[in-house]
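Here is the structure we will look at.
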2 protein chains.
Amino acid sequence: MRVVIARCAARYTGRLSAHLPLATRAIMVKADGSVLLHSDGGSYKPLNWMSPPCTMREVAPEPEASERGVALVWVVQHQKSDDRLEIDLHEVLSDTEHELGVDPGLVKDGVEAHLQELLAEQVSLLGDGYTLVRREFPTAIGPVDIMAKDANGASVAIEIKRRGEIDGVEQLTRYLELLNRDPLLAPVSGVFAAQEIKPQARVLAEDRGIRCLLLDYEGMRGAEDLSTRLF
Amino acid sequence: MRVVIARCAARYTGRLSAHLPLATRAIMVKADGSVLLHSDGGSYKPLNWMSPPCTMREVAPEPEASERGVALVWVVQHQKSDDRLEIDLHEVLSDTEHELGVDPGLVKDGVEAHLQELLAEQVSLLGDGYTLVRREFPTAIGPVDIMAKDANGASVAIEIKRRGEIDGVEQLTRYLELLNRDPLLAPVSGVFAAQEIKPQARVLAEDRGIRCLLLDYEGMRGAEDLSTRLF
DNA sequence: CTATCGATGTCGTCG
DNA sequence: CGACGACGTCGATAG
């Protein structure tokens, strides 16, 4: 990612036409070529931007623009439409670049969080003698939803999804691979728990020795209500 | 504006709960206190953020977090709600600050308004012998974008959208129903004009006897340029 | 102030 | 790939 602080002006043409008068702004150029022009306030929405896929090209300014103080022009062109963003750079105050790598992305804990909470309380749903170690068990590549021990005291890593698909199985597989390198924990077995498990995900999981567990959300909520009412 | 490049993890609680696993990201702290967490790809939307008004507070990590490598925690709290963003900073790779000043903001050239203007000038695009009655023709439930007459002198109500979807057809239908109650105007036919018309909108419109007209914005702009250059 | 609507909406899911 | 609905929607405008 490249971050440039510069006095600049900009023009956008595409679904509409718009322009930005000269001011000092932060320009973010992402690895996929997308460009964001941010001011020092407002919401998360940039003043102007170009979404990927797009390409950026540095061109010399027209003589007339050069006279107005434009040192360099960035032409950002979308690859699938005729959307185009042109940035007139008048003065670059800072220009830095950093290698960020791929991002694992945001994990939303909606129903999934509630399922996790319920299963942590009703850990016996996993089988007789199961006990909870902790929720959000930390690892270097992210937290495991639930860590438990079975009746024999062996570790069990549980990945919870609302809808169980292949990527969830892959995620659990990565956790298991990592956890099984730890001699204090190994052997760690896996449980893929979801309200709904797609056939392909089930096949992949079982092929890897991961147990699949269908969760009855309504039933679990009912059990919770019952226990809170009784005790 | 402060720009920090750091290996970090984050948690958000508010309208939903979500977390970001550890990764290297760009953190933007704006003058109004708002915070944006960007990855090196995707669109202009940050992975996570806090909108103003909000306050940021640096706190020391819990001992347990410290063991996991958390050097510093940023707690960003919204001032009017209980939205909260916590960022675990593991390693700060860069931390810079720049004075940007107030931004004059984006200046837009309207699109729907421009389409209306262009079609009013180029009313012959509707068909031979069409004439303009007026733009923004007033009715009790709001103005009709363009009122025209066809070659036979019959009234035609035109609804203009950039993207024609079902709600636009519904809107025009309401106008037509009202206008056709007026014996001085009736019968009034309808034209749904847009740069792009969704299939469902087209089906609905044609089922109701409303004609669909695709508008070529670029072409219309070109025609305008030509006429202004010629005369 | 709230209600409504448009957006360079963006983002997921499903067919 | 395209349609459809949800969004931590955001933001402007009318009432």
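The structure presented is a predicted model; accordingly, all values stated were derived computationally and were not measured. Below, read A as the first sequence line, B as the second, and so on, with proteins coming before strands; counting in each chain starts at 1.
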> Mapping A:K45 and A:K198 onto DNA chain C by nearest heavy atom, which one lands closer to the 5' end?
Replying inline: A:K45
>> Do B:R208 and B:T173 pair up side chain to side chain, a donor and an acceptor below 3.5 Å, judged on atom types alone?
In response: yes
> So, are A:E165 and A:K161 salt-bridged, with charged N and O less than 4.0 Å apart?
Replying inline: no
> Mind pulling the stems DNA chain D is in, i.e. runs of at least three Watson-Crick or G-U pairs, everything under 3.5 Å?
Replying inline: C:1-7 with D:9-15, C:9-15 with D:1-7
> DNA chain D: B:D83 or A:K80, which has the more 5' nearest nucleotide?
Replying inline: A:K80
>> Please determine whether a side-chain nitrogen or oxygen atom of A:W49 lies at a distance below 4.0 Å from atom OP1 or OP2 of C:dT10.
In response: yes
> Is the shortest side-chain N/O distance from B:S43 to OP1 or OP2 of C:dG9 below 4.0 Å?
Replying inline: no
> Should A:E136 and A:R134 count as an ion pair when the cut-off is N to O under 4.0 Å?
Replying inline: no
>> Under 4.0 Å, heavy atoms only, any strand: does A:L85 hit a base, just the sugar-phosphate, or nothing?
In response: nothing
>> Reading DNA chain C from 5' onward, which residue's closest nucleotide shows up sooner: A:E196 or B:L106?
In response: B:L106
>> Taking any heavy-atom pair under 4.0 Å as a contact, classify A:S51: base, sugar-phosphate, or nothing.
In response: sugar-phosphate
>> Would you say B:H19 and A:K108 are linked by a side-chain donor-acceptor pair, where the criterion is simply a distance under 3.5 Å?
In response: no
>> Heavy atoms only, 4.0 Å cut-off, all strands: where does A:M50 land among base, sugar-phosphate and nothing?
In response: nothing
>> Could you tell me if B:S189 and B:R211 have a donor-acceptor pair between their side chains, going purely by distance under 3.5 Å?
In response: no
>> Please report the distance, rounded to the nearest Å, between NZ in B:K30 and P in D:dC10.
In response: 13 Å
> Mapping B:H78 and A:G42 to their closest nucleotides on DNA chain D, which lands nearer the 5' end?
Replying inline: B:H78
> Between B:D32 (CG) and D:dG11 (C1'), how many Å, whole number?
Replying inline: 15 Å
>> Check this for me, if you would: do B:D145 and B:R135 make a salt bridge, where the nitrogen-to-carboxylate-oxygen distance has to be below 4.0 angstrom?
In response: no
>> Heavy atoms only, 4.0 Å cut-off, all strands: where does B:Y44 land among base, sugar-phosphate and nothing?
In response: sugar-phosphate
>> Apply side chain to side chain donor-acceptor pair (under 3.5 Å) to residues A:Q77 and A:R57 and explain how you reach the verdict.
In response: CA-CA 8 Å; A:Q77 175 74 53; A:R57 189 162 58 85; over 6 Å; no
Nucleotide N/O to protein N/O under 3.5 Å, stretch nucleotides 1-6 of chain C:
residue: C:dG6; atom: OP1; partner: B:K161; partner atom: NZ; Å: 3.3

> Does the distance from a Lys or Arg side-chain N to an Asp or Glu carboxylate O, for A:E170 and A:R174, drop under 4.0 Å?
Replying inline: no
> Nearest-Å distance, CG (A:L16) to P (D:dA12)?
Replying inline: 14 Å
> In whole Å, what is the span from the CG atom of B:L47 to the P atom of C:dG12?
Replying inline: 11 Å
> Distance-only, no hydrogens or angles: does the A:R25 side chain make a donor-acceptor pair with backbone N or O of A:C8 under 3.5 Å?
Replying inline: yes
> Does B:D83 reach the side chain of B:R15, with side-chain heavy atoms less than 4.5 Å apart?
Replying inline: yes
> Quick one: B:K108 NZ to D:dC10 P, roughly how many Å, whole number?
Replying inline: 15 Å
